[in-house]
Amino acid sequence: VLIPFSAMPPAMRPLITLTTDFGMGSHYVAQMKGAILSLVREVDLVDISHEIGPQNVREGAVSLADATPRFPPGTIHVAVVDPGVGTARRLLYVEIGGQRYLAPDNGLLSYLLLTQQPQRIVALANRRFWLPEPAHTFHGRDILAPVAAHLALGVDPAELGPALATGDLVALDWPQPRCTHERIDGEVLYVDSFGNLIANIRRELVESLGNLSSLVVGCGNRQIQGIVATYGAALPGERVALFDSQGRLEVAVVDGSAARDLRLGAGAAVVVQSTVSR
Amino acid sequence: VLIPFSAMPPAMRPLITLTTDFGMGSHYVAQMKGAILSLVREVDLVDISHEIGPQNVREGAVSLADATPRFPPGTIHVAVVDPGVGTARRLLYVEIGGQRYLAPDNGLLSYLLLTQQPQRIVALANRRFWLPEPAHTFHGRDILAPVAAHLALGVDPAELGPALATGDLVALDWPQPRCTHERIDGEVLYVDSFGNLIANIRRELVESLGNLSSLVVGCGNRQIQGIVATYGAALPGERVALFDSQGRLEVAVVDGSAARDLRLGAGAAVVVQSTVSR
Amino acid sequence: VLIPFSAMPPAMRPLITLTTDFGMGSHYVAQMKGAILSLVREVDLVDISHEIGPQNVREGAVSLADATPRFPPGTIHVAVVDPGVGTARRLLYVEIGGQRYLAPDNGLLSYLLLTQQPQRIVALANRRFWLPEPAHTFHGRDILAPVAAHLALGVDPAELGPALATGDLVALDWPQPRCTHERIDGEVLYVDSFGNLIANIRRELVESLGNLSSLVVGCGNRQIQGIVATYGAALPGERVALFDSQGRLEVAVVDGSAARDLRLGAGAAVVVQSTVSR
């Protein structure tokens with residue numbers, strides 16, 4: 001049973017993370033940090049990523065789902081990939097799996113919500129916790145950052161605005177792999193910073209198809225025989241299939257970039273078969 | 001009335017920010033942090049940007065002016081964009097608008113000083129607060145970082161060296177827009193990390209020209225009809241003019257890069273007119 | 001005499017640094033931070049660099065040696081440049097020069113060990129301090145991060161696994177310059193973020209060859225007359241030789257990139273001569 005956050009005493013130093021598509025070169029991230037620190041000095045700030053592709057909500061959604069569950073319960077995660085900034089799209093406070101999220105209602109939390117039920121959803125409406133006169137182009141700094149600071153100070157999330165239901169949220173379509181007894185048809189979910197192609201195919205699904213060394217993974221017009229345990233199982237420059245640290249099938253080039261080598265990206269087909277296709 | 005910093009008790013955990021042109025891949029930033037933390041462990045460090053263009057003092061000056069006023073009063077901002085490192089150029093401690101700056105005297109603080117009077121300027125001369133034998137090529141680590149640490153420990157700025165007057169500082173020329181009743185001639189101040197072209201033209205000036213939807217913004221050989229409130233007011237790929245989060249006129253491409261699209265950068269002409277020019 | 005870390009009381013807020021080849025855009029770094037913070041909340045985290053070239057152990061080794069000695073004694077440095085992740089290669093805890101390191105045994109600490117004797121080496125073997133079921137592809141998150149957290153909590157390094165001797169470690173070959181009375185033959189050790197070519201030739205060695213202004217530095221098919229004190233001694237665009245902030249010979253282009261200008265990188269020959277060669 002999760003204790004509602006409003007009943008928990010504020011931690012000595014609350015923890016706030018930031019995920020944006022601003023780019024590491026941007027001082028916009030620092031402006032958000034300044035806005036937070038101006039309201040609450042006793043807080044620890046951690047960057048998740050600021051290199052989400054510009055306006056790439058799907059990439060942001062996967063990054064949040066991969067990284068945020070690693071943080072201590074109660075961590076406040078501020079996420080800004082927000083092509084609709086300044087339009088009528090809502091801003092949200094959502095509790096999922098013991099973590100707390102502040103994000104636009106554009107599907108940025110939808111990959112997390114694929115596998116987990118939210119404990120609470122609130123639409124940010126109470127301007128008391130915003131900066132006065134928020135800029136139309138920077139709600140991250142003028143709304144989400146000060147709301148995060150107020151949460152860190154112990155404000156009850158119920159004060160932020162009206163409660164919403166899961167069905168009220170914008171959802172993205174996250175394609176699931178199609179499976180038969182001898183074949184899984186999936187796709188590349190995203191490309192990581194090494195150029196590894198991460199597929200939407202989980203280890204358990206692959207293992208149900210047969211012995212890992214006997215399977216064939218097809219990606220682009222290439223086929224890889226067998227799924228190995230580590231990059232070290234092949235030589236530099238060789239293509240390998242293995243499982244990433246989240247338990248998803250991954251196509252990699254040892255000491256290289258599979259994305260560059262195969263010229264593939266998010267959405268490309270990934271097929272696992274129990275025999276070589278012809 | 002601002003209380004002089006020397007009269008304030010040191011905060012529980014002072015806050016130091018870092019702005020450099022070292023690049024995020026550089027461990028030079030970490031060397032500065034190590035130098036600070038070796039002198040004062042109870043301090044919070046925040047990065048503003050380390051992707052200022054190499055030796056681009058003007059870009060650094062705008063970044064500092066945009067980001068640092070968002071921080072709590074008394075924050076110590078260390079700025080290193082310093083093509084003249086190791087030459088006779090001075091290093092400065094400057095108090096502006098309640099913030100404290102350590103920077104070379106090369107114009108890096110001059111955009112801040114366009115609109116604000118400094119409360120105090122000191123030339124760093126007292127070697128007692130430096131590392132012994134500073135490297136000629138890294139005053140950021142060997143002078144500015146230890147001075148920041150000593151300030152965080154409560155050292156009175158007056159001890160750092162002799163006081164200077166505003167007129168003693170190196171100033172850069174910051175072109176101001178030229179205005180008539182029906183036209184504003186400005187220029188691109190800098191390009192942000194999204195490729196948005198940020199002009200040196202403030203909202204109040206534009207509003208004095210007429211109704212925002214009736215104005216025409218010219219940039220390169222393109223004209224944009226009307227100034228909108230948000231990116232969401234146009235379709236992906238369309239050019240728009242709007243105000244950035246600092247209240248400056250900005251030319252953007254929705255979900256794209258105006259700098260790449262228009263092949264323009266800092267210094268390019270930006271014109272606002274009350275009727276379409278021919 | 002260094003006090004063994006096991007006898008030191010844990011600091012109020014221990015300090016952990018991170019050095020990886022994950023890239024700043026990667027949320028893998030944040031996953032490591034989340035793993036640490038989930039075990040110990042009262043800790044300060046500092047990034048050294050996450051832009052080490054992918055699988056470039058040598059570049060990581062130099063970065064660690066340049067940056068980590070700047071940190072307070074007892075700092076825990078977690079380093080992940082690990083092409084052999086998931087294979088039989090060992091993971092290490094090593095104390096060097098008052099600093100504490102956690103890294104794979106692949107030579108990543110070997111540049112530090114060129115000039116210093118380790119105070120203690122332990123092979124990480126005790127799974128009690130790891131996350132359960134570590135992913136084969138991410139020992140940084142599942143082994144090194146939790147071990148760092150346990151060290152921060154005061155765990156005695158002796159509990160991490162069996163002690164090793166220096167001779168047990170993987171060593172890389174670090175070429176030393178060859179010297180005569182009138183000539184030093186060295187090579188580029190690495191290229192920094194400004195494109196400066198940093199050579200494996202120390203200031204003392206160069207000074208033994210003669211007056212700095214009379215020496216000639218050859219790099220690629222170019223020769224530079226004299227060694228200057230600062231970039232400011234030449235005009236923008238000019239090539240200069242000077243000493244970097246670590247006391248190593250460096251070839252630079254003022255306000256530019258020597259690596260791009262000369263099309264050279266790590267391993268390229270750098271020659272210092274007391275007369276111009278023909």
Side-chain angles (χ1 to χ4, degrees), chain A residues 11-15 17-19 21 23-25 44-53 59-60 62-75 77 99 190-196 203 228-233 236 240 242-248 250 252-257, chain C residues 12-13 16 18 20-47 49-57 80-89 104 106 131 133-146 149 193:
Chain A
M12 203 63 156
R13 273 210 146 195
L15 188 55
T17 81
L18 299 168
T19 306
D21 61 352
M24 282 310 305
D44 286 322
L45 301 174
V46 175
D47 297 305
I48 301 235
S49 172
H50 301 294
E51 293 286 346
I52 304 297
E59 185 186 343
V62 175
S63 296
L64 286 171
D66 282 9
T68 57
R70 301 283 163 184
F71 281 79
T75 298
H77 303 284
Q99 307 287 331
Y190 88 114
V191 178
D192 79 6
S193 55
F194 289 95
N196 299 323
R203 172 191 276 268
V228 294
T230 73
Y231 305 110
V240 289
L242 70 172
F243 294 106
D244 82 348
S245 56
Q246 304 288 128
R248 291 176 299 222
E250 162 187 334
V253 167
V254 178
D255 291 3
S257 163
Chain C
M12 203 61 156
R13 272 211 148 196
I16 298 176
L18 299 167
T20 76
D21 62 352
F22 297 168
M24 283 310 305
S26 170
H27 53 74
Y28 294 138
V29 175
Q31 291 192 41
M32 289 181 63
K33 292 181 181 174
I36 292 169
L37 292 165
S38 290
L39 290 167
V40 52
R41 270 298 286 112
E42 289 296 322
V43 72
D44 285 322
L45 300 174
V46 175
D47 297 304
S49 172
H50 301 295
E51 294 284 348
I52 305 298
Q55 289 92 33
N56 192 334
V57 174
V80 189
V81 182
D82 192 11
V85 62
T87 64
R89 69 90 188 79
N106 60 10
L131 292 194
E133 302 186 44
H136 288 297
T137 52
F138 202 175
H139 287 180
R141 179 191 70 195
D142 295 349
I143 301 179
L144 297 183
S193 55

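Every heavy atom of this structure was used, including side-chain atoms; hydrogens, water molecules and symmetry mates were not. Residue numbering restarts at 1 for every chain, and letters A, B, ... go by the order of the sequence lines.
- Across all their heavy atoms, Ala229(A) and Thr137(C) have their closest contact at O-CG2, 4.3 Å.
- For Ala30(C), the parts lying near chain A are the backbone and the side chain together; criterion is any non-hydrogen pair under 4.5 Å.
- Looking only at distances, no side-chain donor or acceptor of Arg70(A) sits under 3.5 Å from a matching main-chain atom of Arg141(C).
- When atom types are taken as modelled, the side chain of Ser26(C) and the backbone of Asp192(A) share no donor-acceptor pair closer than 3.5 angstrom.
- Of the atoms belonging to Val85(C), heavy atoms from both backbone and side chain fall under 4.5 Å from chain A.
- The parts of Asp66(A) that come within reach of chain C are both its backbone and its side chain, each placing non-hydrogen atoms under 4.5 angstrom from that chain.
- With salt bridges taken as basic N to acidic carboxylate O contacts below 4.0 Å, none links Asp47(A) and Lys33(C).
- Ser193(A) contributes a side-chain N or O that, together with a main-chain N or O of Phe22(C), makes up a donor-acceptor pair within less than 3.5 Å.
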Checklist entry - What do the steps show when you test Glu51(C) against Met24(A) for side chain to side chain contact (heavy atoms under 4.5 Å, CB included), and what is the final call? => result CA-CA 12 Å; Glu51(C) 294 284 348; Met24(A) 282 310 305; over 6 Å; no
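- Contact record, Tyr28(C) with Ser245(A): CE2-OG, 4.3 Å, taken as the closest heavy-atom pair.
- His27(C) pairs by the ring-ring contact (aromatic ring centres under 6.0 Å, His included) definition with Tyr190(A), not counting sequence neighbours.
- Scored by the ring-ring contact (aromatic ring centres under 6.0 Å, His included) test, Phe243(A) finds no partners at all (sequence neighbours excluded).
- Within the 4.5 angstrom heavy-atom criterion, no atom of Ile52(A) approaches chain C.
- With a 4.5 Å cut-off on non-hydrogen atoms, Asp21(C) touches chain A through its backbone and its side chain both.
- The minimum heavy-atom distance linking Gln55(C) with Gly256(A) is given by the pair OE1-N, 4.4 Å.
- In terms of heavy-atom pairs under 4.5 Å with chain C, the best-connected choice from Ala252(A), Gly232(A), Ser63(A) is Ser63(A).
- The parts of Asp255(A) that come within reach of chain C are both its backbone and its side chain, each placing non-hydrogen atoms under 4.5 angstrom from that chain.
- Per-residue counts of heavy-atom pairs under 4.5 Å with chain A were compared for His136(C), Gln31(C), Met32(C); the largest is that of Gln31(C).
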